[in-house]
Amino acid sequence: MNWINGLGRGWKALVAVACVLCLLVTPAVTVKHENFKTCDQSGFCRRNRAYADTALSNSKWQSPYTLDSSTVKFDKGILTGVVDKKITNTDQTVRLPLKVTFHESGTARVTIDEEKRQKGEIELRHDSKARKERYNEAEKWAIVGGTVVSTGAALNKDAEKGSTRVMYGPGSKFEAIIQHAPFGVQFKRDGETQIKLNDRGLMNMEHWRPKVDKPETEQKEGEEAVVAESDNIAEDESTWWDESFGGNTDSKPRGPEAVAMDIEFPAYQYVYGAASHAGPLALKETRGGDGKYSDPYRLYNSDVFEYEMDSPMTLYGAIPFMQAQKKDSAVGVFWLNAAETWIDITKSTSSANPLSLGIGGTTSTDTHWISESGLLDLFIFLGPTPQDVIGAYGELTGYTQLPQQFSIAHHQCRWNYVTDEDVKDVDRKFDKSKIPYDVIWLDIEYTDGKKYFTWDPMTFPDPINMQKQLDEHQRKLVAIIDPHIKNEGGYSVVDELKSKDLAIKNKDGNIYEGWCWPGSSHWIDCFNPKAREWWKTLFRYDKFKGTAKNMFIWNDMNEPSVFNGPETTAPKDLLHHGNWEHRDLHNINGMTFVNATYDAILSRDKDEDKHPIRPFVLTRSFYAGSQRLGAMWTGDNQAAWPHLEASIPMVLSMGISGFPFAGADVGGFFGNPSKELLARWYQAGAFYPFFRAHAHIDTRRREPYLAGEPYTQIISQALRLRYSLLPAWYTAFHEASTTGAPIVRPNYYVHPSDEKGFAIDDQLYLGSTGLLAKPVTKEGQESQDIYLADKEKYFDYFDFWQYEGPGTVSVAAPLDTIPLLMQGGNIIPRRERPRRSSGLMKYDPITLVVVLGNSGDAEGTLYLDDGESYEYQSGAYIHRRFKYSTSTSSLTSEDVSSPGKKTKEYLKLMEKVRVERIVVVNAPEGWSGKKEVEVAEEGGAKSGKSGKAELEWHGKVEGKAAWAVVRDPGVRVGEGWKIQF
Ligand code: NOJ
């Protein structure tokens with residue numbers, strides 16, 4: 001969303017109600033490339049690519065960095081030393097303290113800093129207020145655990161001279177070989193090299209240097225730079241200091257200070273992650289050529305509205321975590337740096353036999369990471385499974401919070417619902433059309449002149465009453481609060497922000513002023529603990545009047561988006577709390593704001609009563625660790641088929657990047673979707689962990705009940721499917737919140753032995769349920785090819801049509817059908833009573849779908865709690881594992897919880913919640929004559945059900961599997977039981 005677009009929105013809100021002019025499907029628009037830098041336009045990226053080119057084109061190239069052997073020490077799991085680099089033509093040496101930490105979890109960390117210069121040794125520009133050392137606080141925001149130092153890590157005495165070897169990890173199977181000259185590190189698992197650092201010699205830490213004023217030779221944007229010879233390599237000095245782009249000049253008071261490293265994944269052909277980009281899940285090569293990108297993947301949180309498909313361009317959030325996959329082996333790296341970052345990816349195939357022309361050779365992936373400033377700080381994960389890597393990353397940066405149940409149901413948003421009556425009307429219309437939804441959203445127009453924490457008195461005179469109506473059906477409201485604060489005298493929020501000195505400053509140390517929705521604005525600096533404390537007070541019910549307990553928050557524009565800033569964001573030379581430059585921490589900025597909002601919602605309720613509920617915050621900007629705080633969405637997409645298609649790999653990528661609570665705007669933000677596109681988008685959205693319909697202010701209304709038949713019906717079916725599977729979704733969220741596992745999972749994650757499926761990113765597995773969905777994302781498509789990786793039976797979710805893997809199967813997909821299969825061997829929990837909202841399903845009975853595959857055994861889990869509070873932390877939850885065993889022909893429910901002091905009370909509350917139906921898909925032929933099953937609940941008849949239940953058998957028809965249904969076995973969800981078939 002840009003500045004021009006942003007002007008004069010207020011009146012448009014009113015026009016939107018009766019928008020008759022926007023009845024046409026809007027043509028797709030494209031990103032404004034000229035607003036965003038290419039690598040070549042970003043000085044440090046250009047310098048480091050040039051460094052790489054020089055190094056790689058010279059067969060004699062040797063990295064100039066050396067670990068001084070006399071400094072190496074290893075003590076209690078930590079190796080320290082000093083890496084040196086001589087500066088050519090001087091007697092100076094740059095000294096870079098190295099620390100390699102081996103953690104109990106099996107994760108290793110390599111940190112390289114720059115030794116502080118003595119005062120006066122190097123004079124920085126005297127006018128700079130910015131801190132001089134490298135930014136070292138990223139970990140304060142990103143890391144929450146997994147850093148216990150290993151007691152088992154030990155030096156390997158067999159190390160050759162000039163290297164140091166450390167054995168570590170589970171069973172000491174991991175090894176780090178630190179080579180001294182030139183400096184480099186190799187990581188091995190079971191004796192096999194998995195990751196190499198600086199093997200190609202691209203490590204580069206641009207050291208402090210004084211600014212020597214040279215006679216001005218003016219260089220215009222886009223002109224070739226003057227290249228000078230220094231520091232062992234031809235260096236382009238033209239971008240060392242002040243740098244201009246798009247009419248903005250970055251003063252860069254500290255000069256060049258980039259950090260770069262090459263990271264090789266030998267014999268790994270696939271790499272994933274580095275979210276978020278609009279492209280395939282398996283990352284592409286970036287140095288040009290057919291089907292490859294010519295720019296590196298960029299991580300620099302920006303408001304890239306109308307973003308383009310299949311591009312390495314940056315988007316709103318950055319997670320510098322990458323995984324590599326080869327057959328049966330996964331490894332990963334996490335580059336802990338919050339500055340602008342670029343990642344080049346290239347692959348090379350080697351072959352033992354020179355005549356094989358690369359066929360049958362081994363492909364390796366080389367990556368080159370370049371950040372503008374900060375430490376070189378790197379975590380290494382050696383797997384071997386994708387879950388080992390993602391789990392270890394999750395241990396460090398935190399798992400996704402267990403969200404409130406409502407937030408994983410269906411959300412209805414648009415820019416904007418224009419009055420409180422409008423909201424109430426939409427709410428009633430959903431009910432009238434019997435379409436379930438849980439949350440309605442308010443975009444920026446609800447405020448009084450874009451002043452957050454206020455309501456427009458003309459259009460929202462009675463917000464409390466509005467929230468009351470929503471609450472009648474346990475529905476919620478989410479309202480937007482952005483980080484820019486309107487600069488208008490008499491607005492108490494800005495007055496306090498100024499008087500308490502809590503805003504971001506410009507390079508001179510004065511309050512920074514820029515433009516966003518409200519016009520002239522200031523930005524809260526959430527790096528400042530005092531700002532976060534103050535932010536909390538603004539959400540108190542007595543302060544933000546008109547808000548109730550069922551209102552939650554959407555944080556948008558938190559990259560931050562600054563309409564008149566460079567690349568639509570904040571100038572890099574702004575100053576934050578502690579005098580850190582914005583450049584150092586840009587990618588964390590959005591997360592600090594969400595953190596403050598999260599804490600504010602939490603304390604709002606804690607202050608009110610002793611039964612706090614879990615906050616819900618949606619964020620646009622994110623960094624590693626944001627998953628702890630709420631959900632993200634993929635920003636301003638378009639109502640166009642390619643955007644629907646791209647949403648699936650984007651959401652999958654978030655899942656494997658540790659931030660699984662992700663979704664895309666259903667229907668597309670810009671433009672008006674055709675009805676077919678809208679229907680298909682709801683079907684896909686039903687498989688996004690975060691499922692919200694949203695639309696731009698210029699679009700026409702498109703609530704599902706407006707679509708008309710058959711579309712309304714088709715959309716309702718997709719929504720009903722989502723609601724009936726909520727127990728499976730909630731169980732998947734619980735798993736994510738305890739292990740870091742993705743909620744929707746790509747093929748490679750589920751089948752790491754199946755190389756053929758490593759690039760597949762248009763189909764997804766839901767949690768550990770064995771449900772495999774491949775939503776239709778192409779216009780007019782009526783059948784869908786689904787890839788089955790394993791030798792297992794799969795069944796159509798709706799009619800039990802049987803398929804067999806491995807291979808690709810074709811599934812009929814007319815407009816009213818979502819291609820959805822169930823993998824044999826799983827048990828899937830559902831709730832089938834249609835309700836208006838998820839809150840009303842709390843005590844509904846459960847249906848279990850037992851899907852028998854090749855082995856004849858099946859297993860599945862169910863997690864339930866009150867869906868809103870923290871009582872689950874005291875044991876107020878149910879966690880069961882269901883198992884069907886073919887050898888005993890019985891289905892059992894076993895407890896996998898760890899009881900706590902609230903367990904009993906919760907079980908009592910859930911006493912009446914029963915299993916009302918068991919469906920067995922691919923039921924044995926031998927059951928054809930069976931009429932009943934034996935039911936035994938733990939504790940026998942006294943405490944529960946004991947006796948018989950009716951069984952109904954349905955034989956095979958055409959290609960459909962036989963199935964059976966047990967009606968009303970009456971067993972309690974929270975108790976142990978056995979059903980004997
Ligand atoms: C930009 C967001 O991406 C979009 O979802 C929102 O509707 C507008 N800002 C207005 O707040």
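Read the numbers this way: they start at 1 and go in the same order the structure lists the ligands and their atoms. What's counted below: heavy atoms across the whole structure, side chains too, no hydrogens, waters or symmetry copies. The residues of the chain are indexed from 1 along the displayed sequence.
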*Asks:* Looking at ligand 1, does any of its N/O atoms fall within less than 3.5 Å of an N/O of D443?
*Replies:* yes

*Asks:* Could you tell me whether the side chain of H410 reaches within less than 4.5 Å of the side chain of V666, counting heavy atoms only?
*Replies:* no

*Asks:* Considering the heavy atoms of F669, write down every atom of ligand 1 situated less than 4.0 Å from one of them.
*Replies:* 4 (C), 5 (O), 7 (O)

*Asks:* Centres of the W633 and Y688 rings: under 6.0 Å?
*Replies:* no

*Asks:* Touching ligand 1 at all, W517? Heavy atoms, strictly under 4.0 Å?
*Replies:* yes

*Asks:* Would R692 and F661 count as a cation-pi pair here, with the cationic atom under 6.0 angstrom from the ring centre and within 45° of the axis?
*Replies:* no

*Asks:* Is D665 in polar range of ligand 1, meaning some N or O pair under 3.5 Å apart?
*Replies:* no

*Asks:* Taking only heavy atoms of H694 into account, list the atoms of ligand 1 that are under 4.0 Å away from them.
*Replies:* 4 (C), 5 (O), 6 (C), 7 (O)

*Asks:* Among D556, I444, I480, which residue places a heavy atom closest to atom 2 (C) of ligand 1?
*Replies:* D556

*Asks:* Look at the aromatic rings of F544 and F539 and report parallel, tilted or perpendicular, splitting at 30° and 60°.
*Replies:* perpendicular

*Asks:* Please walk me through it: do Y417 and W441 pass ring pair (Phe, Tyr, Trp, His ring centres under 6.0 Å)?
*Replies:* CA-CA 8 Å; Y417 290 111; W441 291 54; over 10 Å; no

*Asks:* Report yes or no: does E445 contribute a side-chain atom to a donor-acceptor pair with the main-chain N or O of N416 at less than 3.5 Å?
*Replies:* no

*Asks:* Of the backbone atoms (N, CA, C, O) and the side-chain heavy atoms from C-beta on, which set of F670 has a member under 4.0 Å from an atom of ligand 1: side chain, backbone, both, or neither?
*Replies:* neither

*Asks:* For ligand 1, which atoms sit closer than 4.0 Å to a heavy atom of W633?
*Replies:* 2 (C), 3 (O), 5 (O)

*Asks:* Which of the listed options, D636, D482, T634, holds the heavy atom that is closest to atom 4 (C) of ligand 1?
*Replies:* D636

*Asks:* Mind checking whether W441 has a heavy atom under 4.0 Å from ligand 1?
*Replies:* no

*Asks:* Does the side chain of D310 come under 3.5 Å of the side chain of Y293 through a donor N or O and an acceptor N or O?
*Replies:* yes

